[in-house]
Each structure stands twice: as structure tokens, then as C-alpha cells.
Amino acid sequence: MELKLYNSLTRQKQLFEPIDPKRVTMYACGPTVYNYVHIGNARPAVVFDTVYRVLKSLYPNVIYARNITDIDDKIINKSIELSQDINVITEKYSEAYFDDMQALNTLTPDHIPYATDHIPEMIDMVQTLVDKGHAYAADSQVEAEKGHVLFSVPSMPNYGELSKRNLDEQEAGARVEVAGYKQYAGDFVLWKPSTDSEPGWNSPWGRGRPGWHLECSAMIKKHLGDTIDIHAGGHDLVFPHHENEIAQSSCANDGKTLANFWMHNGFINIDGEKMSKSLGNFRLVNDLLQQYPGEVLRYVILSAHYRSEQNFSKDLLDSAWRTLDSLYGFIRGVKSVEAQLNRSGDAFKALLDDINTPVAISELYRLAKAVNQASGDKQTALMKELKGVADVLGLLQQDPEQWFTQARSDDQLSAEQVEQLIEARQQAKQDKDYAKADQVRQQLLDGGVILEDSREGTQWRRS
RNA sequence: GGCGCUGUAGCAAAGUGGUAAUGCAGUGGACUGCAACUCCGCCAUCGUCGGUUCGAUUCCGACCAGCGCCUCCA
């Protein structure tokens, strides 16, 4: 019963050993709430939710925190663009985020810290860093540049450990012009000044707001501690975000390690291309949920290993939906039972091996088939096991009957209409009027309803 | 230039030094009034070229083709 996780820090799979088995801590970077989240934002949420579920099945007390970044230049820009108060925007989109996450069957984290609720902690951390010589207030003659506090990268000998970067070999300013007030090109902002029209908080360096990297460091320290077990996020966050978090936290906490394990999920592309504003190919979770059940999205995300890149397409979603239909089909009609996780089963073993969800899903299928073939106590036992696996994956959480009969789009026949038509077809069949029976079945099919006859009667499902 | 990733059947996706899970699609058959569901079966030599080895898709090297990050970014 050993959990192995790939650790980005060491770049290899390692045995997971928590600092304190009675209090396992995990942090994942959450969204910046200035828009609806896209499917790429959903991947880490779903993946690390699954990690959370696996951990919960192994340890009695797992504390999972996923933040909300509610102060950021992107939000400020959106606020200006829409002439709306910043709080209106952050509230709207954080609510939308929670709705999306719920649709994806993610569990609510134990802590959902908001950046703006932790300004004092952030200021404290900046002050500590300044006091210890790891940060400095920028010196500039330009009025608008005053009030910046920067982290001094050269003050930290092993900066770059996570991303394995040697700063001297980076192309300084390759994409962004280096600000003149920086002592060193790699230095990054801890605190930046706000104009009167921008949101800001008073600090020893004047009215301003925190830098993005600082937020996570301060919130982790407050809610989870100086050193946590797992820190997770998207692959693109390795540098600079996570590297900078390490720098801040480690230097502020007397050199303590920020996180023992770093987990990073791969990117989601759309039809082979990266999601980007210029391509206009964002797939918002909110939009996808209009067309697909949340479980279909979750299934798609879990059908690939979390570290690999994944290509999203309509075919993939449609195929996933058919697969889930198939799984639900196997367990339809089986009485519901309490889940019972089989810890020595192959599915759980796969999850313990760096969260191998594709293999766990294939086991789900094997169990579903077995359930379908078995009967009596044997079937009940298999069904318990199946539910156990499904619960860790966060799949098959709906009642099968409901899964098949809920409306899938607007112009469908109602359940009552379907039942009536089935009745009519049944009568026609009894009358041996097969032409009529087939005609009714075709009518249902045209309405998106597929019939399944059996000895016990006729079941139906939406296609 | 630095760091790193990927290339497995029509699509998706695991995996292993001893000729490759699983799902979708397709297809042959059983079942069915006909279908659907279900069941039985079929459907790949793992980018290319070398090397190591008794044996490589799996290890090493080269090459080809994609791709990510290098201070907006899940």
C-alpha cells in the first residue's frame, strides 16, 4: 500500500511519505477570477481532486487548499474594460468557478483562501524578506516606479532548483523588457504600487498590492504550514511562479523546504493547437457543460495520464460520452450499494502508481462487465468494489436511470411522451403489427431515444 | 541558446527486456419479429536508422517529425 508520485523537483517517481501521516497537506494553485475558466483550468482541478481522493483513502486527515486569486492586473483591466467594480467581477467569476467545479464532481477543498483576505500576512512576509536581505524596495527617480518591492534572486544561492534553470543562461528580457529599477534582471515583484484608482492596501512601502507569486506563499504558510507535503499546479507554473514561491517561502522561513513533492499536470490543446486568445479557441467549461454532462468532461480529463499533454476535440468528448453510457449501461438495473474500496485491487494499485487514471478506468470497465455478468451476492460484492473505484475517480456518481433519461438538449421528447410511445409500440407488437411498432421506434429514434427490449420490459435511453 | 516533453491500431490511451491492457469506431457470429442491449470472435509488430543483448516497442546513440517553458498563462 505505497503511494508513488512523480516529483517535479527530483524528476522521478518517489515513494510518498508525508511529514505527518496524521495531517497530510496539499496545495494547488487555483484560478484568477476574471473570466469563466476554460477546460485547461479544469484539468488541474480534476486531477488534483483525484489526488486528494486517493490521499483521503490512505490517510485519516488530509488538508487540501486551493486558492482564489482575486487581486491581479488582469482583474483590474477587466474592471476598467467593463466599468464594473472589481468585487463584482471577482464574486461573479469565483461563483461561476465553484459551479463549474461542482459539475466536474470535484470535492470542496478544506481551505479556499482568497488573496485579498491575506494582505497582512503578505506584507509580513515581504517585511521578513526585506529584513533578511532577500528583498529590497526599488530605487527609482521615476515617480510611477516608486513603491515596488522586489525579491533579490542573487540572494538565494539555489534559486532555479525546481525548474533546473541557470539564470545566467536565460535570455534576459527575451519577452519582456527588464524594468530599470531592478537590481538584477531576474528579480521579481513582491509588492507593487497602486494608483488611486487601482485597488490597494497601505504598507510600509506605500499604498500598493501584492505580486502574484507572493499570494500563494503567504496563504500556504498561514493555512498549511512552512513545509507542506504536496504542491500542485499546471506545468507552465513551474517557472516562474513555483520557482518564485519556493524562493519567497524558503527565504522567509529560514531555509525550510516549501514542499516535499511538486506535481504538475500537462496542458490541454484544442484540435492540436494550444489554447490562446489569438486563435480564439478557448473551450470554456461553462459552455461545454451546456452540451455535455460534467462527468463526461471529467472522464475525458482522467482518460489520459495527468502528466501527458492532452488534445481536446469534439470526437473525444462524444466518444467519452458513449463510453460512460456503456459503463452506466452495465450497472443499470443493479441495486445501489455502499461503496467499498478494494485496496488490493488493480484499479487502486494503478492509482497508487503516480495516479494512473487510464488504467484505473480500464479496471472500472472490467468490473462493470463482471457486475453485468454476475448475480446475487457475487454481483453485490462486485458492485461495491466498482463503486469504491468509481468514488475515488469521481465517476459514475449519478443514478444510472437518471443518467439515461435526463434531457440532453432542448428539443427532446419528454419522459412522459417517451413512455406513451413505448406503450403504443408494445401494443402494436402484441398485435403483431410490426410495421407500426417499427414506425414508433423510428419516431423515438428521431427524437433521440433508443430502446432496449428485454424480458423484463423495455428500457430507453437518450442518445 | 538554456531547460524539458512527445511520437503505440481509424481515433483515444496504458504498458513491458521475451513478440502490446483498455475504451470508442469498424467488422464476423449468437440473441431478436427486425433492431437496440448483451455475449463470443476479429482488427497494431509500437516514428526512422544503427548499437547493446540469446532476445527491444521497452536500454543506448543518431536522425526525422511535432510540442512546451525561459518572468500574462492551468
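Each chain gets a letter, A, B and so on, in the order the sequences are listed, and its residues count up from 1. Hydrogens, waters and symmetry mates play no part in the numbers below; they use all other heavy atoms, side chains included.
- Atom name P, nucleotides B/rC3 and B/rA62: the rounded distance is 14 Å, in whole Å.
- Taking the C1' atoms as reference points, B/rC31 lies 10 Å from B/rC37, given to the whole Å.
- Taking 4.0 angstrom as the limit, A/Tyr434 places none of its side-chain polar atoms (N or O) nearer than this to OP1 or OP2 of B/rU32.
- The aromatic ring of A/Phe267 sits over the base of B/rA74, with ring centres less than 5.5 Å apart and planes tilted by under 30°.
- Looking at A/Lys164, its side chain does come within 3.5 Å of a backbone N or O of A/Leu9 through a donor-acceptor pair.
- Each of A/Leu451 and A/Leu237 was assigned the nucleotide of RNA chain B with the nearest heavy atom; the assignment lying further toward the 5' end belongs to A/Leu451.
- The distance between the ring centers of A/His242 and A/Trp262 falls below 6.0 angstrom.
- The residue A/Lys432 sits apart from the nucleic acid: no heavy atom pair falls under 4.0 Å.
- Taking the six-membered ring for Trp, A/Tyr181 and A/His148 have ring centres closer than 6.0 Å.
- Backbone-only engagement by A/Gly233 is indicated by non-hydrogen atom pairs under 4.0 Å involving sugar-phosphate atoms exclusively.
- Nucleic acid contact for A/Ile39: none, since no nucleic acid atom lies under 4.0 Å from a heavy atom of the residue.
- Nucleic acid contact for A/His38: base, since at least one base atom lies under 4.0 Å from a heavy atom of the residue.
- Pairing of B/rA20, defined by two Watson-Crick or G-U wobble distances under 3.5 Å, is not identified with any nucleotide.
- Scanning atom types as modelled, no donor and acceptor separated by under 3.5 angstrom connect the side chain of A/Arg43 and the base of B/rA74.
- Among the candidates A/Gln14, A/Gln12, A/Lys13, the single residue satisfying the side chain to side chain donor-acceptor pair (under 3.5 Å) test with A/Thr10 is A/Gln14.
- Nucleotide B/rG28: paired with B/rC40 (Watson-Crick or G-U wobble, both distances less than 3.5 Å).
- With P as the reference atom, B/rG18 and B/rU58 are 12 Å apart, rounded to whole Å.
- Taking 4.0 angstrom as the limit, A/Gln373 places a side-chain polar atom (N or O) nearer than this to OP1 or OP2 of B/rC39.
- Residue-level contact check: A/Lys314 touches neither bases nor backbone, having no heavy atom under 4.0 Å from any strand.
- Pairing of B/rA14, defined by two Watson-Crick or G-U wobble distances under 3.5 Å, is not identified with any nucleotide.
- Between B/rG26 and B/rC60, the two P atoms lie 40 Å apart (nearest whole Å).
- In this model, no side-chain donor or acceptor of A/Asn356 finds a partner on the base of B/rG15 within 3.5 Å.
- Using the Watson-Crick or G-U wobble rule with both distances under 3.5 Å, B/rG7 pairs with B/rC64.
- Listed candidates were B/rC72, B/rA36, B/rA14. Nearest to the side chain of A/Lys74 is B/rC72.
- Nucleotide B/rG1 has B/rC70 as its partner under the Watson-Crick or G-U criteria, with both atom distances under 3.5 Å.
- B/rA35 is unpaired under the Watson-Crick or G-U wobble criterion, no partner having all donor-acceptor distances under 3.5 Å.
- Separation of the P atoms belonging to B/rA56 and B/rC70 is 42 Å when rounded to the nearest angstrom.
- Out of B/rC69, B/rG23, B/rA35, the shortest distance to the side chain of A/Arg441 is found at B/rA35.
- Straight-line distance between the C1' atoms of B/rA20 and B/rG50: roughly 24 Å, to the nearest whole Å.
- Separating the C1' atom of B/rA25 from that of B/rG10 is a span of 7 Å, rounded to the nearest Å.
- Using a 4.0 Å heavy-atom distance criterion, A/Asn372 is classed as a sugar-phosphate-only contact.
- Across B/rA36, B/rG33, B/rC24, the shortest atom-to-atom separation from the side chain of A/Arg322 is found for B/rC24.
- The phosphate of B/rA14 has OP1 or OP2 within less than 4.0 Å of a side-chain N or O from A/Ser308.
- If you check every strand for non-hydrogen atoms under 4.0 Å, A/Arg11 touches sugar and phosphate atoms only.
- A/Asp438 comes within 4.0 angstrom of a base, heavy atoms only.
- Considering only side-chain atoms of A/Pro358, the nucleotide from B/rA14, B/rG33, B/rG23 that sits closest is B/rA14.
- A/Tyr36 pairs with exactly one of A/Phe282, A/Tyr97, A/Phe98, A/Tyr93 by the ring-ring contact (aromatic ring centres under 6.0 Å, His included) rule, that one being A/Tyr93.
- Ring geometry for A/Trp403 versus A/Trp321: interplanar angle over 60°, hence perpendicular rather than tilted (30 to 60°).
- Each of A/Leu316 and A/Ala437 lies near RNA chain B, and the nucleotide nearest A/Leu316 is the one positioned closer to the 5' end.
- No N or O donor and acceptor, one from the side chain of A/Arg461 and one from the base of B/rC37, sit under 3.5 Å apart.
- Side-chain atoms of A/Asp453 and base atoms of B/rA35 include a donor and an acceptor less than 3.5 Å apart.
- Annotation: B/rA9 and B/rU27 have their C1' atoms spaced 14 Å apart (nearest Å).
- Nearest nucleotide to the A/Lys274 side chain, out of B/rG68, B/rA13, B/rC69: B/rC69.
- For A/Ser326, a side-chain nitrogen or oxygen approaches OP1 or OP2 of B/rC24 to under 4.0 Å.
- A salt bridge is absent between A/Arg322 and A/Asp318: the closest approach of a Lys/Arg side-chain nitrogen to an acidic carboxylate oxygen does not fall below 4.0 angstrom.
- Between A/His118 and A/His223, the angle of the ring planes goes over 60°, which puts this pair in the perpendicular group of the 30/60° scheme.
- Side-chain proximity of A/Glu309 to B/rG23, B/rG68, B/rA14: nearest is B/rG68.
- With both pairing distances under 3.5 Å, B/rC59 is matched to B/rG51 as a Watson-Crick or G-U wobble pair.
- Comparing B/rA13, B/rG23, B/rA74 against the side chain of A/Tyr365 picks out B/rG23 as the nearest.
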